[in-house]
Amino acid sequence: MYLVESKGGAIACMLLALSFLGTWPAIMTLLERRGRLPQHTYLDYTITNLLAAVIIALTFGQIGSSTPEMPNFITQLSQDNWPCVLFAMAGGVVLSVGNLSTQYAWAFVGLSVTEVITSSITVVIGTTLNYFLDDKINRAEILFPGVGCFLIAVCLASAVHSSNAADNKAKLNAQVSTFLGMGIDTSKVKETFPYKGDLELGSKGTAPKAKFGTADFLMEVEKRRSIKVFGKSTLTGLAITFFAGVCFSLFSPAFNLATNDQWKTLKEGVPHLVVYTAFFYFSVSCFVLALILNITFLYRPVLNSPKSSLRAYLSDWNGRGWAFLAGLLCGFGNGLQFMGGQAAGYAAADAVQALPLVSTFWGILLFGEYRKSSRRTYILLGSMLFMFIAAVGVLMASSGHRKD
């Protein structure tokens, strides 16, 4: 079994996890904006998410010899370690619910702001819990100022969202005023924009491409996406976002308990769950719950999403490859986070919650978020990103090294 044993290796795992975990939400958002049903996308995603855990367990979990204190993955499957297995599976349940919630929050609140809020809640609650579970191996004088940076960032994120929403409202109001001045019936506005190309990837369509940040672009996105948001309260999206953040804040402490057994639930002589075994059970519970919920949502959709069926899902190959890629990125990202956390402490590994840095990059590049916004929005956005850069640096600097 391969173990990350150095601080440098742990930080490398965190940085890779950061890039993976910041990219898969952008892929899911891209598919929703193209009109693919979130139920279809999430079912595809959850298959490869489990596949990633199996690959990690059968490779890194089987490398080298197995010892009584540190058994390999397959050896540990038959051991009496169910109390810790249940902790791992509980972590998978809350992560699954959190991920399922965010795919709807992305539509209502936006990719960047959703990731900022959920990540900040995760750090504030989850990192504090992990600090005490890890017997304070992280340096508190460095760790908690990093937590403070995330708190400031979530306040700035709320301000960014408010400012950008006001900018978009002003653009749409100006467009309606222009239509009225030209004598155009605003109830037939959709007919005025016949563009059928791919907005995000810039493919050519039957009319000139709408420019990022314009009212035309906002209306085209709304027309094509699977979750309609115009005219709906953003409070719904914010409530979902905060709920997802609370779920995310609990999965890492649960995984910590599964691998280190701080509450002494295992029988004497039974070794702790190795990170690969815990991650396997974690991913299995995540998969099972996601399967049950999303098949239910096919027939009983939430938030006025279109109905579907299992047969329709199986025949929907539009974007399936991208959904599979998202699941692999999330699965390997979570695995790398846990591998780094086992070596340097799960509180420091929560530095990957700075993933909004990556998500914001994709949000601006792919989806034109904040294009043609006001100067106030740009200043707030820059301040938010600065605080996240400071936060990830501080959390990584706080990392310690777990003693055997």
Side-chain angles (χ1 to χ4, degrees), residues 1-14 17 49-95 126-127 129-138 250-288 331-350 352 399-404:
M1 180 185 63
Y2 175 77
L3 285 178
V4 178
E5 298 180 349
S6 67
K7 183 176 178 179
I11 290 177
C13 286
M14 294 180 215
N49 187 59
L50 176 62
L51 178 62
V54 173
I55 291 173
I56 289 174
L58 294 178
T59 53
F60 291 110
Q62 287 295 114
I63 292 175
S65 59
S66 179
T67 65
E69 297 79 17
M70 201 66 72
N72 283 343
F73 165 66
I74 293 178
T75 301
Q76 198 161 49
L77 290 178
S78 60
Q79 294 178 344
D80 186 14
N81 45 31
W82 278 103
C84 287
V85 167
L86 292 176
F87 278 124
M89 297 183 77
V93 167
V94 291
L95 178 67
T127 299
L129 292 174
N130 279 324
Y131 172 73
F132 290 103
L133 288 173
D134 281 337
D135 198 23
K136 305 178 182 179
I137 70 172
N138 301 99
L250 298 176
F251 84 83
S252 181
F255 195 91
N256 194 349
L257 285 167
T259 55
N260 295 300
D261 192 31
Q262 290 93 335
W263 291 352
K264 309 298 181 184
T265 58
L266 292 175
K267 295 179 181 179
E268 186 175 353
V270 178
H272 292 176
L273 280 185
V274 298
V275 65
Y276 307 107
T277 307
F279 185 47
F280 171 75
Y281 284 114
F282 172 95
S283 299
V284 167
S285 66
C286 189
F287 171 79
V288 171
F332 283 116
N334 284 329
L336 288 166
Q337 178 187 1
F338 295 143
M339 289 167 65
Q342 184 66 15
Y346 288 98
D350 279 339
V352 301
S399 61
H401 193 278
R402 191 181 304 280
K403 298 178 181 180
D404 294 334

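- When ring centroids are compared, F279 and F338 come within the 6.0 Å threshold.
- Between the NE2 atom in H272 and the CD atom in E69 there is a gap of 11.5 Å [rounded to 0.5 Å].
- No donor-acceptor distance shorter than 3.5 angstrom exists from the side chain of T277 to the backbone of L273, with no hydrogens or angles considered.
- The distance from the CH2 atom of W82 to the OH atom of Y281 is 5.0 Å, given to the nearest 0.5 Å.
- Side-chain N or O atoms of Q62 include one that pairs as donor or acceptor with a backbone N or O of I74 at under 3.5 Å.
- From F282, atom CZ reaches atom CG of N334 across 5.5 Å, with rounding to the nearest 0.5 Å.
- With values rounded to the nearest 0.5 angstrom, N256 atom CG is found 9.5 Å from L129 atom CG.
- Atom CZ of F60 is surrounded by 12 or fewer heavy atoms from other residues, nucleotides or ligands within 6.0 Å.
- Judged by distance alone, with hydrogens and angles left aside, the side-chain atoms of T265 form no donor-acceptor pair with the main-chain N or O of D261 at under 3.5 Å.
- The only member of F280, Y2, Y276 that meets ring-ring contact (aromatic ring centres under 6.0 Å, His included) when paired with F73 is F280.
- Formation of a donor-acceptor pair under 3.5 Å by the Q76 side chain with backbone atoms of A278 is not found in this model.
- Note: N49 CG to F332 CZ = 10.0 Å, rounded to the nearest 0.5 Å.
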Q262/L257 under side chain to side chain contact (heavy atoms under 4.5 Å, CB included): CA gap, chis, key distance, verdict: CA-CA 6 Å; Q262 290 93 335; L257 285 167; 3.5 Å; yes
